[in-house]
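So you know, we letter chains A, B, ... as the sequences are listed, proteins then strands, and number each from 1.
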Number of protein chains: 2
Amino acid sequence: MLDAIDQALISALMQDSRRSLKALAQISGLSAPSVAERLKRLEERGVISAYTLEIDPKLLGYQLQAIVRIRPLPGKLQEVERQILAIAEFTECDKVTGDDCFIARLQVRSMEQLDNLLDRLNHFAETNTAIIKKSPIKRRLPPLD
Amino acid sequence: MLDAIDQALISALMQDSRRSLKALAQISGLSAPSVAERLKRLEERGVISAYTLEIDPKLLGYQLQAIVRIRPLPGKLQEVERQILAIAEFTECDKVTGDDCFIARLQVRSMEQLDNLLDRLNHFAETNTAIIKKSPIKRRLPPLD
DNA sequence: AATGAAATTCCTCTAGA
DNA sequence: TCTAGAGGAATTTCATT
């Protein structure tokens with residue numbers, strides 16, 4: 001899928017996406033122009049879909065994170081999806097198989113705000129909320145080979 | 001929490017973390033040196049915790065994503081957490097309140113692999129797996145104001 | 001595909017206000 | 001926080017292997 005060099009590049013950029021081509025060249029043992037080409041290809045293929053940031057929600061004032069399972073009331077599936085998208089505090093959402101149609105992650109400043117947001121959804125769906133106490137794995141790559 | 005300029009910087013870097021100080025200066029209306037200082041402060045405060053990548057799992061060969069709720073058998077909580085950390089295909093994991101102790105995201109190449117991994121966990125825990133069909137929200141910032 | 005060197009452009013940092 | 005300038009890098013091109 002990915003050769004050893006692509007893997008090295010991706011791992012290195014995953015740790016710090018601002019590394020220069022030169023630095024990446026040293027890490028991967030290639031020359032800088034070769035690294036540039038490989039990155040371009042990885043971007044074009046869509047393997048690298050974005051260079052982005054990791055932000056600490058707590059330091060933005062979002063003291064509370066939760067995972068909400070959402071089961072729309074009959075006929076309300078579309079409406080529920082619209083609502084989720086419209087509520088900016090939902091920072092991730094997956095549509096899944098099973099009884100729950102959506103599983104979403106939510107960041108809020110307080111219990112009160114959590115309650116408010118869920119009330120809005122509860123017009124169209126049943127929800128089941130689990131407060132996040134800790135995140136043992138924040139975000140990591142699966143094996144690249 | 002964050003003034004308008006910090007917000008602009010974070011939004012801009014969230015979209016493309018490789019933007020130069022100069023480009024960020026134009027976006028934010030500040031000079032490049034000022035941007036450099038603000039970024040340094042945001043990094044030091046921990047607001048920006050990493051510059052990283054967004055990768056498409058499908059293009060790495062991970063055709064299947066799932067969310068697994070994990071309820072350790074009595075006395076097995078530690079063991080379960082160890083197992084989750086040790087299984088590299090778990091790319092996110094949260095420890096939560098409620099009956100499920102952990103909610104984790106998993107990337108695998110096939111149903112067979114999914115089955116294998118879950119079997120390993122089922123020695124120590126009950127699991128409930130939802131296959132991801134679509135991800136309406138991949139990852140976004142909550143409101144910054 | 002990858003390399004090395006050259007050319008160019010661009011960026012970062014310091015200093016002074 | 002800004003401007004300005006120095007100095008240093010980084011990226012890109014191109015000819016070659």
Side-chain angles (χ1 to χ4, degrees), chain A residues 1-62 139-145, chain B residues 1-63 107 109 139 141-145:
Chain A
M1 204 97 262
L2 250 44
D3 70 13
I5 292 174
D6 284 339
Q7 291 176 29
L9 294 177
I10 286 181
S11 298
L13 285 171
M14 192 81 182
Q15 284 169 37
D16 179 4
S17 60
R18 291 182 65 105
R19 281 196 234 255
S20 68
L21 296 182
K22 199 183 169 191
L24 293 170
Q26 288 182 332
I27 290 169
S28 63
L30 257 56
S31 65
S34 305
V35 171
E37 256 198 355
R38 276 177 180 262
L39 287 189
K40 193 152 99 33
R41 292 229 327 282
L42 287 169
E43 290 161 15
E44 283 168 357
R45 283 168 59 192
V47 177
I48 296 177
S49 56
Y51 297 87
T52 182
L53 282 189
E54 200 69 41
I55 293 292
D56 184 335
K58 284 237 173 79
L59 292 170
L60 292 183
Y62 291 94
R139 190 151 159 277
R140 70 179 180 189
L141 282 177
L144 292 180
D145 35 88
Chain B
M1 205 97 256
L2 251 44
D3 70 14
I5 292 174
D6 285 338
Q7 291 175 30
L9 294 177
I10 286 181
S11 299
L13 285 170
M14 192 82 182
Q15 285 169 39
D16 180 2
S17 60
R18 302 196 63 156
R19 281 194 232 256
S20 66
L21 297 182
K22 198 184 175 189
L24 293 169
Q26 289 182 331
I27 291 169
S28 64
L30 256 54
S31 67
S34 306
V35 171
E37 257 198 61
R38 276 176 180 262
L39 286 190
K40 194 155 102 30
R41 291 230 326 281
L42 286 169
E43 290 161 15
E44 283 168 357
R45 283 169 59 193
V47 176
I48 295 177
S49 56
Y51 297 87
T52 181
L53 281 189
E54 200 69 41
I55 295 291
D56 184 334
K58 284 236 173 81
L59 292 170
L60 292 183
Y62 292 95
Q63 302 300 336
Q107 301 186 356
R109 299 184 192 278
R139 191 151 158 276
L141 282 176
L144 293 179
D145 37 85

Item checked: DNA chain C-proximal residues of residues 35-53 of chain A, any heavy atom under 4.0 Å -> R38(A), R41(A)
Check: So, is K22(B) close to the dC10(C) phosphate, meaning a side-chain N or O under 4.0 Å from OP1 or OP2?
Finding: no
Check: Which of the following nucleotides, dT12(D), dT11(D), dT12(C), is nearest to the side chain of P33(A)?
Finding: dT12(D)
Atom [atom1] of [X] and atom [atom2] of [Y]: how far apart are they, to the nearest 0.5 Å?
X       : Y      : atom1 : atom2 : result
R109(B) : L60(B) : CZ    : CG    : 8.0 Å
M14(A)  : I55(B) : CE    : CD1   : 6.5 Å
L13(B)  : L24(B) : CG    : CG    : 5.0 Å
R139(A) : E54(A) : CZ    : CD    : 5.0 Å
D56(A)  : S49(B) : CG    : OG    : 6.0 Å
I10(B)  : L42(B) : CD1   : CG    : 5.0 Å

Next item on the list: Compute the bend angle of the helix from dA1(C)-dT17(D) to dA17(C)-dT1(D) from the end axes (five pairs per end), rounded to 10°.
Entry: 30°
Could you tell me the separation between the [atom1] atom of [X] and the [atom2] atom of [N], rounded to a whole number of Å?
X      : N       : atom1 : atom2 : result
R19(B) : dT12(C) : CZ    : P     : 14 Å
Q26(A) : dT11(D) : CD    : C1'   : 15 Å
I5(A)  : dA1(C)  : CD1   : P     : 12 Å
D6(A)  : dA1(C)  : CG    : C1'   : 12 Å
R18(A) : dT12(C) : CZ    : C1'   : 11 Å

Note to self: Regarding S20(B), tell me which of base, sugar-phosphate or nothing describes its non-hydrogen contacts under 4.0 Å with the strands shown.
What the structure shows: sugar-phosphate
Note to self: For a quick check of understanding: with a heavy-atom distance under 4.0 Å over all strands, which category does S34(A) fall into, base, sugar-phosphate or nothing?
What the structure shows: base
Check: Can D6(B) and V47(B) be said to form a side-chain contact (heavy atoms from CB on, under 4.5 Å), step by step?
Finding: CA-CA 10 Å; D6(B) 285 338; V47(B) 176; over 6 Å; no
Next item on the list: Take K40(A) and E44(A) through the test salt bridge (charged side-chain N to carboxylate O under 4.0 Å, His left out) and record every step on the way to the result.
Entry: CA-CA 6 Å; K40(A) 193 152 99 33; E44(A) 283 168 357; 3.7 Å; yes
Check: Which sits closer to the 5' end of DNA chain C, L30(A) or L21(B), going by the nucleotide each is nearest to?
Finding: L30(A)
Check: Around atom CZ of R41(B), are there more than 12 heavy atoms of other residues, nucleotides or ligands at under 6.0 Å?
Finding: no
